[in-house]
Amino acid sequence: MKDLITRLLVELGEDPEREGLVRTPIRVEKALRFLTSGYGANIDAVLNDALFTVDYSEMVIVKDIDFYSLCEHHLLPFFGKCHIAYIPSTRVIGLSKIPRLVDVFSRRLQIQERLTNQIADTIREKISPVGVAVVMEATHLCMSMRGVEKQNSFAVTSAMLGAFRSNARTRIEFLELIKLRSAIPGLRGDTAASLACVGDD
């Protein structure tokens, strides 16, 4: 990879031998290895048996999880907040494992829609809850640095599975609790229930 990055610097019109760039290929390789480390992650090892049988049937929410990912179209960052909720049937996930699950999938070349689905589908697969909801809000540098150059825009994606998809009251409660409606101009009242969902039951 170091040689490829050196060649890239040359193609961009730079001198890879100048002082500021001599170690750049090594630094870029290390950064890219870290930012794509999710490919080598094992979900079961990440969860590390932190799945517990409990008698609890109310909504569990972990919100404002910071995430950083790379857009697969331009290899530019997109980043923001992830909000996750589920309603247990028989098992729960250790709370500290949920942000780690987000890291696994965000540290890959991604699109936000697929990232949202992967997180929701994994939680459904691992604990078979009554329902799972994932909402991601992100700024995409491929939009703000290039292309349309809209610095203040952000994208919102959601995956609503099980009870969150079939029950409007459950869905609205979740959106209220993460205060999503205050973040989206023009979204009021019951219109929150019609927020486009990515993915199917």
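Position 1 is the first residue of the sequence; numbering continues from there.
Under a hydrophobic clustering in which Ile, Leu, Val, Met, Phe, Trp and Tyr are joined whenever their side-chain heavy atoms come within less than 4.5 Å, directly or via other members, L12 and M145 fall into different clusters. Under the 4.5 Å side-chain heavy-atom criterion for Ile, Leu, Val, Met, Phe, Trp and Tyr, I127 and Y56 are members of the same hydrophobic cluster.
Each of N167, V130, V132 was evaluated against I87; a single residue qualifies, V130, per the side chain to side chain contact (heavy atoms under 4.5 Å, CB included) test. No option in Y68, F78, F154 other than F78 meets the ring-ring contact (aromatic ring centres under 6.0 Å, His included) test with H140. Between I119 and the choices V102, I98, V104, the side chain to side chain contact (heavy atoms under 4.5 Å, CB included) rule is met once, by V102.
Remark: I65 CD1 to R100 CZ distance equals 12.5 Å, nearest 0.5 Å. Between atom CD of residue E17 and atom OG1 of residue T6 there is a gap of 8.0 Å, rounded to the nearest 0.5 Å. In this structure, I84 CD1 and L101 CG are separated by 6.5 Å, a value rounded to the nearest 0.5 Å. Going from atom NZ of K2 over to atom CZ of R23 covers 8.5 Å, rounded to the nearest 0.5 Å. A distance of 6.0 Å separates OG1 in T122 from CD in E125, rounded to the nearest 0.5 Å. Separating the CD1 atom in I178 from the SG atom in C82 is a distance of 9.0 Å, to the nearest 0.5 Å.
Annotation: side chain of P88 is in contact with side chain of V60 (closest heavy-atom distance under 4.5 Å). Between D64 and H83 the shortest side-chain heavy-atom distance falls below 4.5 Å. Residues T24 and P16 form no side-chain contact, since every pair of their non-hydrogen atoms from C-beta on lies 4.5 Å or further apart. Counting heavy atoms from C-beta outward, R33 and E29 have side chains that approach closer than 4.5 Å.
Other residues sharing the hydrophobic cluster of I5, ordered by chain and number and joined by side-chain separations under 4.5 Å: M1, V28, L32, F34, L35, Y39, L70, L75, L109. Hydrophobic side-chain contacts under 4.5 Å tie I111 to no other Ile, Leu, Val, Met, Phe, Trp or Tyr residue.
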Could you walk me through whether R7 and E11 pass the salt bridge (Lys or Arg N to Asp or Glu O under 4.0 Å) test, one step at a time? CA-CA 6 Å; R7 285 174 53 196; E11 291 294 330; over 6 Å; no
Decide side-chain contact (heavy atoms from CB on, under 4.5 Å) for V156 and V135; before the verdict, give the C-alpha distance in whole Å, the side-chain angles of both, and the deciding distance to 0.1 Å. CA-CA 7 Å; V156 179; V135 170; 4.0 Å; yes
Could you walk me through whether F174 and I61 pass the side-chain contact (heavy atoms from CB on, under 4.5 Å) test, one step at a time? CA-CA 8 Å; F174 167 59; I61 299 177; 4.2 Å; yes
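Without hydrogens or angle criteria, K63 side chain to L177 main chain gives a donor-acceptor distance under 3.5 Å. Of the possible donor and acceptor atoms, none in the side chain of T116 sits under 3.5 Å from a partner among the backbone N and O of M136. With hydrogens and angles disregarded, a donor-acceptor distance shorter than 3.5 Å links the side chain of Y86 to the backbone of I93.
Side-chain contact check for S69 and Q110: no donor-acceptor pair (N or O, by modelled atom type) lies under 3.5 Å.
Taking a cutoff of 4.0 Å between a charged side-chain nitrogen and a carboxylate oxygen, D121 and R124 qualify as a salt bridge.
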Report all side-chain donor-acceptor pairs from residues 40-54 shorter than 3.5 Å, counting only partners two or more places apart or in another chain.
unit_1	atom_1	unit_2	atom_2	d
N42	OD1	D44	N	2.9
N42	OD1	A45	N	2.9
D44	OD1	K126	NZ	2.8

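Listed here is the closest heavy atom pair of T170 and A163: CB-O, 4.0 Å. Across all non-hydrogen atoms, the minimal contact from C142 to H74 is CB-ND1, 3.5 Å.
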